[in-house]
Number of protein chains: 4
Amino acid sequence: MAPPARRGRPRSEDADARILQAAHALLVERGYDRFAIDEVAGRAAVAKTTLYRRWPTKDHLLVALVAKLQDDVEVADTGNIRHDLTVYLTAIATGLDRMRRVGRDAGETDRSAGVVAELVAAAARHPDVGDAVRGMFARRNALPLTLLDHARARGALPAGTSSEVLFDQLAGALYYRLLVTGRPIGADYVEQLVDQVLTGTTATPTHPERT
Amino acid sequence: MAPPARRGRPRSEDADARILQAAHALLVERGYDRFAIDEVAGRAAVAKTTLYRRWPTKDHLLVALVAKLQDDVEVADTGNIRHDLTVYLTAIATGLDRMRRVGRDAGETDRSAGVVAELVAAAARHPDVGDAVRGMFARRNALPLTLLDHARARGALPAGTSSEVLFDQLAGALYYRLLVTGRPIGADYVEQLVDQVLTGTTATPTHPERT
Amino acid sequence: MAPPARRGRPRSEDADARILQAAHALLVERGYDRFAIDEVAGRAAVAKTTLYRRWPTKDHLLVALVAKLQDDVEVADTGNIRHDLTVYLTAIATGLDRMRRVGRDAGETDRSAGVVAELVAAAARHPDVGDAVRGMFARRNALPLTLLDHARARGALPAGTSSEVLFDQLAGALYYRLLVTGRPIGADYVEQLVDQVLTGTTATPTHPERT
Amino acid sequence: MAPPARRGRPRSEDADARILQAAHALLVERGYDRFAIDEVAGRAAVAKTTLYRRWPTKDHLLVALVAKLQDDVEVADTGNIRHDLTVYLTAIATGLDRMRRVGRDAGETDRSAGVVAELVAAAARHPDVGDAVRGMFARRNALPLTLLDHARARGALPAGTSSEVLFDQLAGALYYRLLVTGRPIGADYVEQLVDQVLTGTTATPTHPERT
DNA sequence: GAGTAATCGAGACGGTACGTCAAGTCTTGTT
DNA sequence: AACAAGACTTGACGTACCGTCTCGATTACTC
């Protein structure tokens, strides 16, 4: 079946691009508050109507933007769960760290959470934004979860372990640091975290692993 | 030493109380957006300036409010780390759950994070609010951390374990669920979480523990 | 030539009208202090921004309002300068007297200058308001000035007389009474004033005048 | 009779002086709006209470201040009315010109009326301020009025002339220029004004006068 | 010299309005 | 239809200044 023929002038894809680009620039410059839709439109040389036709809310635009920025983290299943997790979480941590700096002057050293926090708040404000955000995370975490499933299947994790809970422990620790305690999330932290989460669970691997 | 002589009319403690009370009521009724400073002042029968003299921002008021609401969670050190942690985390989870419902109609079932998310965002927006929030959490978490330290000291946790990282795994998982994935945080989840975190670590305790 | 193509939504003339009307009503009711922009907007059923887009200040609004209220005083050149001036000045005096009562309860007998004084003060505060006010008066006084010019041309005034200075004497006396001494400005006063100003000047008219 | 013995601490005359001085400085710097009582008190190193105990209102302070600034214009009765008036009015004009510049940057060329306009408006707002202002002017104008009376008595002015109306013509013209038309008030203007007012009236003097 | 009474400095307070800002909608004419 | 431009509604924000009040500390006069 043919798609229902659209009538009238088609939407400009160029506008989409310009808007997102302008929004990105502004977000980086200023952070989410002091981020005005009017100015995004202005910079994108686009009417506000055009913008609102695409994203009904400032928060919606934010999610769309973050979703686009979200570089797809590669997940390799090398068979060494400890190594694979470390790589994956380090990538996440790096991304978070980049975001937390958004909208702040270089010199500022406050350990704040920036855009991620606003994203979370936006998700809390609008149900549909929440759905979008959760969907984004679900898609993103699908691969690491199967990674854990595979590890358990081959005996690298105890049978009773829940992949989901295990992943909560890992990702949760990262976000907790970022959003709540504000403590730094360096490579050493990630390693220690993975170590400690897998301690005992991998103490008696069915298959030997390269450490 | 004499207390530094106060000059000028002292601040009305009554006003403080009335403001916080009004703010609390309004927050519960409406949630953080649709929570207007003007109205708080109005309900507290206080001039807006009086309010702003104390808290320069809506966000500042929020933190002050949450800090006051924060009922001190009791931590008992029974010697059974698994049990103590479960009790503690359950208390936290219950508190979070209560907060997430703030400002929503009873019927609403969206799994959103409400006030906590806004708190986190507020912390990200203003450095000083961030400091306050982090301080609040630090104070709150001090006791459970020593709990873990004691447990390790008596051999209930492996020597190499970092209390802090361990706590991140636990609290982090809770906040991650609340703020990011939005999945429910029931008693069963808390139990499974504690179990899994202590798995292996407590598999070979130096001292036997009363279950 | 084509009129410069208007872009965007045109300003609502309806809003203009409603604002001025509301402002007028409120000014008459209350006087210039106790005249709140918020309430003008409210009564006009217009957003405050809509009002501020047109007049950036309470003072600007006032001038615009007074300029509109300013009923054009008819000036007839009957050839009898004494008569014509008396008529004109009486009209002015009546207008001033009406304005001075604006915003006062009927019973109040204080001899104050009301709106005119505020208008003058507003002109002193903002350069652009001053320009507007001066322009308003210039337009208004143009006719009587030519009246005087004609009178001098036909010999009803001495050749050396400056119309402008003469007019200052007349109008000035009125405003001086209104704003400074606060003494009443009745029909008899106007007549005496005109008499005295023209005394001697018209003692030896070149052309006879009808009294 | 002895004055009723005052009880309690006497008012500090020093405070009076400091307040007026500070008010003067601030008025000159800023003009009447942007002239904040708080700042006057601050500069005078005086509590606001102390200030308000003396002048119940900003406007009252203004009048008191202007009254003090008002340098007493000398009036000499030389017998030459034209000359005496010119001298007197020139003094007034100079004073007005000084006041109109108050609170403006040197470069500003707008012809506005500054403090005088505010004084007039203040008089219009508060009845008692109005009384004070009118009293001030009455005292000030008493001498020139008797000057005119004397001139009429000795035949230098026609018998039917009203001194008051005549003075209105003179002073009125000055204030009209200052407050309404904003045109300059130079020495030449004053001379022309006096000339024109006395024209005809002094055309047939009983006693000859030195021109 | 111990009251008594008013003043003083400091600064919080209630109140009122101001002018601003940003979000999201609507109305033009144009493409 | 979508678009650019820009006016519109709504709602809140944070500020400014006024004039009042409440402290504790002075500073006189009086008894």
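The sequence lines fix the lettering, A, B, ..., with proteins before strands; numbering per chain opens at 1.
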S.K.: Rounding to an integer number of Å, can you tell me how far Leu26(A) CG sits from dA22(E) C1'?
M.R.: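 One finds 13 Å between C1' of dA22(E) and CG of Leu26(A), rounded.
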S.K.: What I want to check is whether an N or O donor and acceptor connect the side chain of Thr49(B) with the base of dA12(E) at under 3.5 Å.
M.R.: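 Not at all, since no donor on one side and acceptor on the other fall under 3.5 Å apart.
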S.K.: Please name the pair of heavy atoms, one in Ala36(C) and one in Leu26(C), separated by the smallest distance, quoted to 0.1 Å.
M.R.: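 Between these two residues, the closest heavy atoms are O-CD2, 3.9 Å.
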S.K.: With a non-hydrogen cut-off below 4.0 angstrom, is Ala41(D) in contact with a base, only sugar-phosphate, or nothing?
M.R.: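 No contact.
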S.K.: Please lay out, stage by stage, how Glu118(C) and Arg125(D) fare under the test side-chain contact (heavy atoms from CB on, under 4.5 Å).
M.R.: CA-CA 9 Å; Glu118(C) 298 290 355; Arg125(D) 277 190 286 261; 2.8 Å; yes
S.K.: Glu39(A) and salt bridge (charged side-chain N to carboxylate O under 4.0 Å, His left out): which single residue from Lys58(A), Arg30(A), Arg34(A) fits?
M.R.: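 Per the salt bridge (charged side-chain N to carboxylate O under 4.0 Å, His left out) rule, the option paired with Glu39(A) is Arg30(A), out of Lys58(A), Arg30(A), Arg34(A).
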S.K.: Write down the atom of Leu65(B), the atom of Leu20(B), and the distance for their closest heavy-atom approach.
M.R.: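 Where Leu65(B) meets Leu20(B) most closely, the heavy atoms are CD1-O, 3.6 Å.
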S.K.: Tell me the interatomic distance from Asp33(B), atom CG, to dA23(E), atom P, rounded to whole angstroms.
M.R.: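 About 14 Å, once rounded to whole Å.
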S.K.: Could you check how far CG of Asp14(B) sits from C1' of dG14(E), rounded to whole Å?
M.R.: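 Rounded to the whole Å, the gap is 14 Å.
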S.K.: Determine: side-chain N/O of Arg7(D) to OP1/OP2 of dC29(F), distance under 4.0 Å, yes or no.
M.R.: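 For dC29(F), OP1/OP2 do not have a side-chain N/O of Arg7(D) under 4.0 Å.
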S.K.: What is the distance, to the nearest angstrom, from the CG atom on Asp38(C) to the P atom on dG19(E)?
M.R.: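 Distance, rounded to whole Å: 10 Å.
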S.K.: Please report the distance, rounded to the nearest Å, between CZ in Arg11(C) and P in dT9(F).
M.R.: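 Rounded to whole Å, this separation is 12 Å.
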S.K.: Is there a side-chain contact (heavy atoms from CB on, under 4.5 Å) between Ile37(D) and Tyr52(D) once you walk through the steps?
M.R.: CA-CA 9 Å; Ile37(D) 291 282; Tyr52(D) 276 105; 3.8 Å; yes
S.K.: Could you check how far CG of Leu51(D) sits from C1' of dT20(F), rounded to whole Å?
M.R.: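 Spelled out: CG on Leu51(D) to C1' on dT20(F) is 14 Å.
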S.K.: Map Phe35(A) and Glu39(C) onto DNA chain E by nearest heavy atom, then report which one ends up closer to the 5' terminus.
M.R.: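 Result: Glu39(C).
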S.K.: Find which nucleotide of DNA chain E each of Ala36(C) and Val46(B) is nearest to by heavy atoms, and output the residue with the more 5' nucleotide.
M.R.: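 Nearer the 5' end of the strand: Val46(B).
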S.K.: Using a heavy-atom distance cut-off of less than 4.0 Å, which residues of residues 15-22 of chain D contact DNA chain E?
M.R.: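 Residues of residues 15-22 of chain D that come under 4.0 Å of DNA chain E are, in numerical order, Arg18(D).
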S.K.: The criterion is salt bridge (charged side-chain N to carboxylate O under 4.0 Å, His left out); which residues satisfy it with Arg11(A), sequence neighbours excluded?
M.R.: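 Not a single residue meets the salt bridge (charged side-chain N to carboxylate O under 4.0 Å, His left out) criterion with Arg11(A).
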S.K.: So, under a plain 3.5 Å distance rule, would you say the side chain of Arg9(D) forms a donor-acceptor pair with the base of dT27(F)?
M.R.: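 In this structure, the two groups form no donor-acceptor pair.
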S.K.: Please figure out whether Pro10(C) or Ser12(A) has its closest DNA chain F nucleotide nearer the 5' end.
M.R.: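 It is Ser12(A) whose nearest nucleotide is closer to the 5' end.
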S.K.: In residues 52-62 of chain D, what residues come within less than 4.0 Å of DNA chain E, judged by heavy atoms?
M.R.: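 Contacts with DNA chain E under 4.0 Å: Arg53(D), Arg54(D).
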S.K.: Taking only N and O in the side chain of Thr50(D), is any of them less than 4.0 Å away from OP1 or OP2 of dT7(E)?
M.R.: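 Indeed not, no polar side-chain atom of Thr50(D) lies that close.
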S.K.: Sequence neighbours left out, what pairs pass salt bridge (charged side-chain N to carboxylate O under 4.0 Å, His left out) with at least one residue falling in residues 44-53 of chain C?
M.R.: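 Residue pairs with at least one partner in residues 44-53 of chain C: Asp38(C)-Lys48(C).
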S.K.: List the residues meeting ring-ring contact (aromatic ring centres under 6.0 Å, His included) with Phe35(A), not counting sequence neighbours, and say none if there are none.
M.R.: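 Listed in chain order: Tyr32(A).
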S.K.: Given the structure, check if the side chain of Lys48(C) and the base of dG19(E) hold any donor-acceptor pair shorter than 3.5 Å.
M.R.: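 Checked by distance alone, the answer is yes.
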S.K.: How close or far is atom P of dC18(F) from atom CZ of Arg34(C), stated in whole angstroms?
M.R.: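 Atom-to-atom, Arg34(C) to dC18(F), this comes out as 18 Å.
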S.K.: Atom CD1 of Ile37(A) to atom P of dA23(E): distance rounded to whole Å?
M.R.: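 One finds 6 Å between P of dA23(E) and CD1 of Ile37(A), rounded.
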S.K.: Could you walk me through whether Leu62(A) and Val129(A) satisfy the side-chain contact (heavy atoms from CB on, under 4.5 Å) test, starting with their C-alpha distance in whole Å, then the side-chain angles of each, then the deciding distance to 0.1 Å, before giving a yes or no?
M.R.: CA-CA 9 Å; Leu62(A) 174 69; Val129(A) 170; over 6 Å; no
S.K.: According to side-chain hydrogen bond (donor to acceptor under 3.5 Å, both in side chains), who are the partners of Arg9(D), at least two apart in sequence or on a separate chain?
M.R.: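 Testing Arg9(D) for side-chain hydrogen bond (donor to acceptor under 3.5 Å, both in side chains), a comparison that skips the adjacent residues, returns none.
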